[in-house]
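One structure is given below, encoded as structure tokens.
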Amino acid sequence: GEGGPDMIIDPRYLVGICLSIAFAAVVVRKLAADLARGERRVRSACERFELAVQASRTLVWEWDVVGRAVSFERNSLGLSGLDGTTVRADMPQLQKWVHAEDIPELDEALRRTVKGLAPEFAHEFRVRTQSPGWTWVLTRGRVVERDRDGRALRMTGITLDVTDRRQAEERIRHLATCDALTGLPNR
């Protein structure tokens, strides 16, 4: 009968199946090699990014606007209370690290960005350090996800230590407005 043990299979059919399997194996090996190369490139890019973040003393952050929690990927700035590699903090906790005089302007800059009134967020303010004192930082970021109604869901950015620059600016201002010998204000 048909399809029984006495059935004869055309050798061309078998050759076609074998060639298809061999071709599929070549394609799978090529895809696997391409995937491995892609994974190496991604790992290399991540490593370069991580080294650049460390070298530049940059804090990378992401803000869940709805959940009001900020995640820090690394604390290369030595900020008070941020000693892990990933820290989640809510907004009231974050405001404890910010100098009280800087909170109103910081809140306003964030509000404008979240509401879509400013395309990006950039603000300088002081934050408490692990050693008693304050560090000037520049934080830059943008809303990277909004809901259908345009409400901000997620914001991401970086924070850089700008204390040295701020101190240099203050020194220049002092030299420009005060007598070098007496330190008294110029007339």
Do Val144 and Trp63 share a hydrophobic cluster, counting only Ile, Leu, Val, Met, Phe, Trp and Tyr and linking them when any side-chain heavy atoms are less than 4.5 Å apart?
no

Would Trp97 and Val70 show up in the same hydrophobic cluster when neighbours are defined by side-chain heavy atoms closer than 4.5 Å?
yes

Can you list the steps and then say if Asp107 with Arg111 is a salt bridge (charged side-chain N to carboxylate O under 4.0 Å, His left out)?
CA-CA 6 Å; Asp107 283 349; Arg111 185 194 68 75; over 6 Å; no

Would you please test Ile158 and Leu59 for side chain to side chain contact (heavy atoms under 4.5 Å, CB included) and show each step?
CA-CA 5 Å; Ile158 60 168; Leu59 182 73; over 6 Å; no

Looking at Lys115, is its backbone amide N or carbonyl O close enough to the side chain of Arg151 to form a donor-acceptor pair, meaning the two atoms are under 3.5 Å apart?
no

Heavy-atom check, side chain of Thr58 versus side chain of Thr159, under 4.5 Å:
no

Show your working on side chain to side chain contact (heavy atoms under 4.5 Å, CB included) between Ile172 and Glu169 and close with a plain yes or no.
CA-CA 5 Å; Ile172 291 168; Glu169 288 172 353; 5.7 Å; no

Are there more than 12 heavy atoms of other residues, nucleotides or ligands under 6.0 Å from atom CZ of Arg37?
yes

Has Asp102 got a side-chain atom pairing as donor or acceptor with Arg126's backbone, closer than 3.5 angstrom?
yes

According to a 4.5 Å side-chain heavy-atom criterion applied to Ile, Leu, Val, Met, Phe, Trp and Tyr, with indirect links allowed, do Leu14 and Ile21 form part of one hydrophobic cluster?
yes

Just do the side chain to side chain contact (heavy atoms under 4.5 Å, CB included) check on Leu19 and Phe23 with the steps written out, would you?
CA-CA 6 Å; Leu19 287 174; Phe23 179 74; over 6 Å; no

Of Gln167, His174, Arg166, Arg173, the residue whose pairing with Glu170 passes side-chain hydrogen bond (donor to acceptor under 3.5 Å, both in side chains)
Arg173

Taking every non-hydrogen atom, the tightest pair across Arg140 and Trp61
O-CZ2, 3.6 Å

Report the C-alpha distance between Phe121 and Val143 in whole Å, list the side-chain angles of each, state the deciding distance to 0.1 Å, and finish with yes or no for side chain to side chain contact (heavy atoms under 4.5 Å, CB included).
CA-CA 9 Å; Phe121 168 74; Val143 173; over 6 Å; no

State the CG-CG distance between Asp179 and Leu184, to the nearest 0.5 angstrom.
7.0 Å

Criterion side chain to side chain contact (heavy atoms under 4.5 Å, CB included) against Thr113, the qualifying member of Glu120, His123, Met155, Arg142:
Met155

Would you mind telling me which of Thr135, Val127, Leu138 makes a side chain to side chain contact (heavy atoms under 4.5 Å, CB included) with Asp161?
Thr135

Could you check Arg48 against Ser44 for side chain to side chain donor-acceptor pair (under 3.5 Å), going step by step and ending with a plain yes or no?
CA-CA 6 Å; Arg48 281 193 313 274; Ser44 178; 2.8 Å; yes

Can you name the closest pair of heavy atoms from Trp136 and Thr163 and give their distance?
N-OG1, 2.9 Å

Rounded to the nearest 0.5 angstrom, the CZ-CG distance for Arg112 and Leu117 is 5.0 Å

For Glu105, I'd like to know if atom CD has over 12 heavy atoms of other residues, nucleotides or ligands within 6.0 Å.
no

Is there side-chain contact between Leu106 and Val98, with heavy atoms separated by less than 4.5 Å?
yes

